[in-house]
Asks: 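After the structure tokens below, expect a handful of questions from me.
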Amino acid sequence: MPTARATTSHKASRGRSAARRGSHAAASAGLPGHRGAGRANADDISFPIFHRVRNECNWNLPVPRLSPRSRPGLYGAQPLQARAMSVRTRFAPSPTGFLHIGGARTALFNFLFARHHGGEYLLRIEDTDKARSTAEAVQQILDSLAWLGLSPDEAPVMQSSREARHAEVARELLARGAAYLAFDTPEELAAMRAEAEAAKRPFKYDGSRWIGLDPAAAPSVAPVIRIKAPRGGETVVPDLVQGEVRVANAELDDMIILRSDGTPTYLHAVVVDDHDMRITHVIRGDDHLTNTFRQCMVYDAMGWHRPHFAHIPLIHGADGAKLSKRHGAVGVMEFEAQGFLPEAVCNYLLRLGWGHGDEEFVPRPRAIELFDLKDVGRAASRMDYAKLTHLNGVYLRAADDARLTEEVLKRLTRRGVDFGTLGGDRVRALMPALKERAKTLEELTSAAAFAAQEGPPALDPKAAAQLTPEAKALLADLAQFLNDAPWEQTDLMNWLRDYSDVKGMKLGQVAQPLRIALSGSTQSPPIDAVLAALGRTEAMDRILAAAG
RNA sequence: GUCCCCAUCGUCUAGAGGCCUAGGACACCAGCCUUUCACGUUGGUAACACGGGUUCGAAUCCCGUUGGGGACGCCA
């Protein structure tokens with residue numbers, strides 16, 4: 001019998017090959033329906049043998065050998081029809097704060113994976129921690145997902161509404177002898193932990209004195225229900241991203257599944273809900289990887305088939321530190337406020353940890369077409385706002401003018417800028433030129449403000465400095481000249497060129513003062529476009545005003 | 001501390017033993033384009049963490065070291 005060490009091959013190879021193997025095994029075996037699958041053989045799952053069942057669950061089925069070259073895609077060439085049930089994924093945030101960018105990516109991957117396989121993508125709100133969950137946070141999460149275009153396919157499941165079911169399963173485990181009542185007080189547990197730490201020994205809970213206890217002899221302490229951890233062997237999880245992950249069962253201890261107040265713990269509730277919701281693929285953050293071993297105890301003790309697991313790496317902040325609320329705009333809606341487009345955020349998030357050759361621009365339909373768990377990397381990545389901003393610019397330039405105009409006007413209003421119908425029309429007219437030179441909606445809004453507002457613009461310092469007496473004289477003269485011009489972009493351009501030719505100046509020498517008069521800034525869209533968008537009356541007003 | 005996971009330019013990544021003198025993108029630098037600013041375009045700087053193996057050949061497979069992250073709750 002090889003030792004665990006010896007059979008632990010290199011991460012990379014075992015990762016990829018195990019992922020392939022695992023999923024292929026499941027695919028060829030078909031995913032048994034979860035409904036009642038456990039009940040059929042519930043009787044032969046008694047505690048003494050359940051870890052044997054665990055170790056021989058469907059992951060270990062023999063797998064036909066495939067040469068790497070001819071290997072079909074993880075699922076692509078393994079037609080879905082061959083599977084007994086369609087893919088169902090879920091995103092399961094806890095409503096203790098805003099949805100941050102890491103959660104958004106988890107949701108995105110769940111969504112993409114489900115869509116790619118024509119399956120369903122669900123949402124479950126893990127609100128069993130009543131002290132920290134809030135209705136506002138739930139709403140925030142829903143809003144954020146909606147903004148990202150990641151709303152679930154079915155009504156969200158509130159985990160708190162399922163507590164009776166969680167307790168029922170815990171009791172069933174108790175009845176099967178796979179779990180037991182433990183009468184330790186929180187204080188006693190804390191003491192045990194402190195003691196272990198003082199002795200520099202890893203703390204491992206020992207509940208042997210409670211097992212088989214005569215109820216009459218029980219202390220008058222409200223008990224918790226603890227599940228019996230397997231006592232020998234190891235637990236192996238074929239992770240679709242991380243590869244085959246294993247731990248010696250000696251590392252596991254008897255975890256609490258039902259608190260003394262009768263509410264379930266997370267590790268228990270997740271399993272029951274994922275099973276009942278018939279989730280086939282659990283795609284979540286890396287931080288849950290070691291939890292998976294514990295969750296397997298519940299699956300196995302109930303005789304339920306485990307779902308496929310895929311643990312995606314975490315996102316770190318730009319400085320490499322763990323992503324937190326203290327590091328920039330991590331709340332999803334903060335990105336909206338900063339003027340990022342949801343499709344750009346999704347594209348950026350997708351590329352963080354997932355790649356398909358050199359493709360950088362991956363809009364939603366293409367993402368659905370290409371997305372595969374086997375292409376998800378295993379190392380944590382960092383937020384790079386510069387790249388997100390660049391990508392946002394790409395999407396912005398490709399975006400529909402009407403939509404952008406609406407966004408800009410909304411943001412102008414948000415800023416308290418006054419503008420009328422004419423102003424809105426001017427922004428609309430200038431949008432094709434405006435969007436070429438902005439990377440975010442906020443930049444776009446700032447750049448569009450001069451067009452929306454009525455009357456001569458305020459001059460920014462740089463512009464004011466360039467508005468010399470000579471420039472003013474030029475503007476006065478130019479105003480005369482432009483008076484008879486046909487007010488159409490191409491004609492205006494020709495007139496300006498003629499003017500500068502006649503005056504023996506370069507076009508730039510004429511355009512720049514004009515730009516300042518019209519926009520109040522040294523930077524603007526092409527001057528002919530600005531002139532045309534503003535219209536004769538408004539443009540002449542501004543030129544004359546600047547000419548003094 | 002124990003267990004688990006990870007490691008290619010500054011950042012995101014491509015890479016399935018020979019196509020690698022390591023490719024792309026962002027950022028940065030220089031040039032071109034140009035009525036400003038952008039866009040675009042041309043070129044440049046820049047990486048296989050380290051040490052051992054295996055092999056004719058290693059970024060790629062194996063072992064170890066170092067570094068980083070995560071989990072160890074009647075939180076999720």
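Reminder, nothing fancy here: chain letters follow the sequence lines and each chain counts from 1.
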Asks: Any idea which of B:C12, B:C75, B:U35 is nearest the A:Arg132 side chain?
Replies: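 Nearest nucleotide to the side chain: B:C75.
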Asks: What's A:Arg284 touching, base or sugar-phosphate or nothing? Going by heavy atoms closer than 4.0 Å.
Replies: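 Here A:Arg284 touches no strand at all.
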Asks: Taking donor-acceptor contacts at under 3.5 Å, does the side chain of A:Arg437 reach the base of B:C37?
Replies: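 By the distance-only test, yes, there is a pair.
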Asks: Please classify the nucleic acid contact of A:Met255 as base, sugar-phosphate, or nothing, using heavy-atom distances under 4.0 Å.
Replies: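 No contact at all - A:Met255 keeps every heavy atom at 4.0 Å or more from the nucleic acid.
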Asks: Report yes if a donor N or O on one partner sits less than 3.5 Å from an acceptor N or O on the other, where the partners are the side chain of A:Arg515 and the base of B:U35; otherwise report no.
Replies: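 Side chain to base: pair found, below 3.5 Å.
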Asks: Looking across every strand, which nucleic acid part, if any, lies under 4.0 Å from A:Asp261 by heavy atom: base, sugar-phosphate, or nothing?
Replies: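 Contact class for A:Asp261: none.
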Asks: Given B:C4, B:U36, B:A71, identify the nucleotide with an atom nearest to the side chain of A:Asp287.
Replies: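 For A:Asp287, the side-chain atoms sit closest to B:A71.
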Asks: Heavy atoms under 4.0 Å, any strand shown: does A:Ser94 hit a base, just sugar-phosphate, or nothing?
Replies: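 Sugar-phosphate only.
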Asks: Does A:Arg226 qualify as a cation-pi partner of A:Tyr180, given the criterion of NZ or CZ under 6.0 Å from the six-membered ring centre and within 45 degrees of its axis?
Replies: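 A:Arg226 over A:Tyr180 ring: no.
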Asks: Check this one for me: any side-chain N or O of A:Lys439 less than 4.0 Å away from OP1 or OP2 of B:C39?
Replies: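 The answer is yes; a side-chain N or O of A:Lys439 sits under 4.0 Å from OP1 or OP2.
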Asks: Any base atoms under 4.0 Å from A:Thr128, or only sugar-phosphate, or nothing? Heavy atoms, all strands.
Replies: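 A:Thr128: backbone/sugar contact only, no base atoms under 4.0 Å.
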Asks: At 4.0 Å (heavy atoms only), tell me whether A:Ser524 reaches a base, stays on the sugar-phosphate, or touches nothing.
Replies: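 Base contact.
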Asks: Side chain of A:His390: nearest nucleotide among B:C75, B:A25, B:U13?
Replies: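 My answer, after comparing the listed nucleotides, is B:A25.
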Asks: Considering every strand and a 4.0 Å limit on heavy-atom distances, what is the contact class for A:Leu352: base, sugar-phosphate, or nothing?
Replies: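 Touches sugar-phosphate only.
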Asks: Has the side chain of A:Glu360 got a donor or acceptor that lies under 3.5 Å from a partner of the other kind on the base of B:G24?
Replies: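 When only heavy-atom distances are counted, A:Glu360 does reach the base of B:G24 through a donor-acceptor pair under 3.5 Å.
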Asks: Where is the tightest heavy-atom contact between A:Ala438 and A:Leu396, given as atom of each residue plus distance?
Replies: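 Smallest interatomic distance, heavy atoms only, reads O-CD2, 3.2 Å.
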Asks: Among B:U35, B:A76, B:C37, which nucleotide sits nearest the side chain of A:Gln523?
Replies: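 Nearest to the side chain of A:Gln523 among the choices is B:C37.
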Asks: Here's one to test your reading of the geometry: is the NZ or CZ of A:Arg397 within 45 degrees of the ring axis of A:Tyr395 and under 6.0 Å from its centre?
Replies: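 Checked: cation-pi criterion not met.
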Asks: Any side-chain N or O of A:Arg397 below 4.0 angstrom from OP1/OP2 of B:G40?
Replies: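 Yes, because at least one side-chain N or O of A:Arg397 sits under 4.0 Å from OP1 or OP2 of B:G40.
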Asks: For A:Pro93, which contact category applies under a 4.0 Å heavy-atom criterion: base, sugar-phosphate, or nothing?
Replies: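 Counting heavy atoms under 4.0 Å across all strands, no contact is made by A:Pro93.
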Asks: Please state whether the base of B:G23 and the side chain of A:Asp358 form at least one donor-acceptor pair under 3.5 Å?
Replies: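 By the distance-only test, yes, there is a pair.
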Asks: So does A:Arg378 get a side-chain nitrogen or oxygen closer than 4.0 Å to the phosphate oxygens (OP1/OP2) of B:G69?
Replies: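 For A:Arg378, the contact criterion (side-chain N or O under 4.0 Å from OP1 or OP2 of B:G69) is not met.
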Asks: Just to be sure I understand the rule, does A:Asp127 reach a base, reach only the sugar-phosphate, or reach nothing, if contact means heavy atoms closer than 4.0 Å?
Replies: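 No contact.
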Asks: Rounding to an integer number of angstrom, what distance separates B:C48 and B:G23 when you compare their C1' atoms?
Replies: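 Per the computed distance, 13 Å lies between those C1' atoms.
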Asks: Of all the choices, B:U35, B:U13, B:C74, which nucleotide is nearest to the side chain of A:Arg226 once you look at every atom?
Replies: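 So the nucleotide nearest the side chain must be B:C74.
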Asks: Can you tell me if A:Arg193 touches the phosphate of B:G73, counting only side-chain N or O atoms and a distance under 4.0 Å to OP1 or OP2?
Replies: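 Yes, because at least one side-chain N or O of A:Arg193 sits under 4.0 Å from OP1 or OP2 of B:G73.
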Asks: Between A:Val241 and A:Leu373, what is the shortest heavy-atom contact and its length?
Replies: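 Smallest heavy-atom distance, with atoms named: CG2-O, 4.0 Å.
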Asks: With a 4.0 Å cut-off on heavy atoms, is A:Val224 in touch with a base, just the backbone sugar-phosphate, or nothing at all?
Replies: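 The answer is base, as A:Val224 lies within the cut-off (heavy atoms under 4.0 Å) of a base atom.
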Asks: Write down the partner of B:C56 under the Watson-Crick or G-U wobble criteria, each distance required to be under 3.5 Å.
Replies: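 B:C56 is paired with B:G18.
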Asks: Using distance alone, with no hydrogens and no angle criterion, decide if A:Asp184 and A:Trp210 have a side-chain donor and acceptor under 3.5 Å apart.
Replies: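 Result is yes, a qualifying pair exists.
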Asks: Just checking A:Gly393: base, sugar-phosphate only, or nothing, at a heavy-atom cut-off of under 4.0 Å?
Replies: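 The residue A:Gly393 makes no contact with any strand.
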Asks: Using a heavy-atom cut-off of 4.0 Å across all strands, would you classify A:Leu289 as base, sugar-phosphate, or nothing?
Replies: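 Sugar-phosphate, no base atom in range.
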Asks: Whether the side chain of A:Ser260 and the base of B:C74 hold a donor-acceptor pair under 3.5 Å is what I'd like checked.
Replies: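 Yes.
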Asks: What does A:Asn291 touch in the nucleic acid at a heavy-atom separation under 4.0 angstrom: a base, only the sugar-phosphate, or nothing?
Replies: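 The answer is base, as A:Asn291 lies within the cut-off (heavy atoms under 4.0 Å) of a base atom.
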